[in-house]
Colleague: 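Below are the structure tokens for one structure; questions will follow.
What you see below is based on every heavy atom in this structure, not just the backbone, and it leaves out hydrogens, waters and symmetry mates. Residues: numbered from 1 along the sequence shown.
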Amino acid sequence: LSLETIATERLREWRRSGGAEAFARAVVALRRAGFRRDQIGAYIMGGMPGQTSEETRRTIEFAHDAGATPYLNEFSPIPGTLGMERAIAQADMRRPGSGRELIEEPLWQNNSLYFLRGDSYPAEEFIELKRLTRRLRSAEPVGKALASGGANAVFLPAAPHGDFRQAADRPFFQEDC
């Protein structure tokens, strides 16, 4: 499942739909259909322009608490996309004129090398977030259990923001679990 981030402001900036509530609903539906946690992957994006390592960490933990398996992916600027425009602007804010390098040198468009530029958060922080996802893949969710049933138990993740807490009280979660 594509989660990318739980930060609603980032989703708006990037013109993305979905978010925490939609993701949690999808996980609940998959669990009800019999899928196990290890069969539900969460695609999480790290290092998007404007994103902090803390935002990425919260998204990873949210996916895990929801009962999915988090997978962290590195942002990569692709020419002609909004992502590239934002990456250039962010690079120029940090080092004026350096954004052109992203266009002129295709190697900087590689998701593994892009982090070495330091335009996002430091590569060391990303490596630590990758370690966190590996640790969480083998750990049990820590969210509030909504239904028992061993491997098919459904978990309600800790609320990332007030909107989700209100959504969690809606009948969908109480009746469908």
Colleague: Measuring only between side-chain heavy atoms, which start at C-beta, is Ile60 closer than 4.5 Å to Leu72?
Modeller: yes
Colleague: For residues 98-109, pull every pair meeting side-chain hydrogen bond (donor to acceptor under 3.5 Å, both in side chains), keeping only residues two or more places apart or in separate chains.
Modeller: Arg100-Glu104, Glu101-Arg117
Colleague: Sequence neighbours excluded, which residues qualify as salt bridge (Lys or Arg N to Asp or Glu O under 4.0 Å) partners of Arg94?
Modeller: none
Colleague: According to a hydrophobic-cluster definition based on side-chain heavy atoms being under 4.5 Å apart (Ile, Leu, Val, Met, Phe, Trp, Tyr only), do Ile40 and Phe23 belong together?
Modeller: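 Shared cluster, yes.
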Colleague: For a salt bridge (Lys or Arg N to Asp or Glu O under 4.0 Å) with Glu13, tell me which candidate from Arg15, Arg16, Arg10 qualifies.
Modeller: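 Running salt bridge (Lys or Arg N to Asp or Glu O under 4.0 Å) over Arg15, Arg16, Arg10 with Glu13 returns exactly one hit, Arg10.
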Colleague: Residues two or more places apart in sequence or in another chain: which of them pass ring-ring contact (aromatic ring centres under 6.0 Å, His included) with Tyr114?
Modeller: Phe75
Colleague: Pair up each side-chain donor or acceptor in residues 46-54 with any protein partner under 3.5 Å, not counting sequence neighbours, and list the distances.
Modeller:
| unit_1 | atom_1 | unit_2 | atom_2 | d |
| --- | --- | --- | --- | --- |
| Gln51 | OE1 | Gly47 | N | 2.8 |
| Gln51 | OE1 | Met48 | N | 3.0 |
| Gln51 | NE2 | Met45 | O | 3.2 |
| Gln51 | NE2 | Glu55 | OE2 | 3.3 |
| Gln51 | NE2 | Thr56 | OG1 | 3.4 |
| Thr52 | OG1 | Glu55 | N | 3.0 |
| Ser53 | OG | Glu125 | OE1 | 2.6 |
| Glu54 | OE1 | Arg57 | NE | 3.0 |
| Glu54 | OE1 | Arg57 | NH2 | 3.1 |
| Glu54 | OE2 | Arg57 | NH2 | 2.2 |

Colleague: Between Leu1 and Leu30, is there a side-chain heavy-atom distance shorter than 4.5 Å?
Modeller: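 Counting from C-beta outward, Leu30 and Leu1 do come under 4.5 Å.
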Colleague: Would you please test Trp14 and Thr5 for side-chain contact (heavy atoms from CB on, under 4.5 Å) and show each step?
Modeller: CA-CA 11 Å; Trp14 285 82; Thr5 181; over 6 Å; no
Colleague: Under the salt bridge (Lys or Arg N to Asp or Glu O under 4.0 Å) test, which residues partner Arg135, sequence neighbours left out?
Modeller: Glu128
Colleague: Between Ala63 and Leu3, which heavy-atom pair has the shortest distance, and what is it?
Modeller: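 Shortest heavy-atom contact: CB-CD2, 3.9 Å.
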Colleague: Taking salt bridge (Lys or Arg N to Asp or Glu O under 4.0 Å) as the definition, give me every residue that meets it alongside Asp92, ordered by chain and number, with sequence neighbours left out.
Modeller: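 Salt bridge (Lys or Arg N to Asp or Glu O under 4.0 Å) list for Asp92, sorted by chain: empty.
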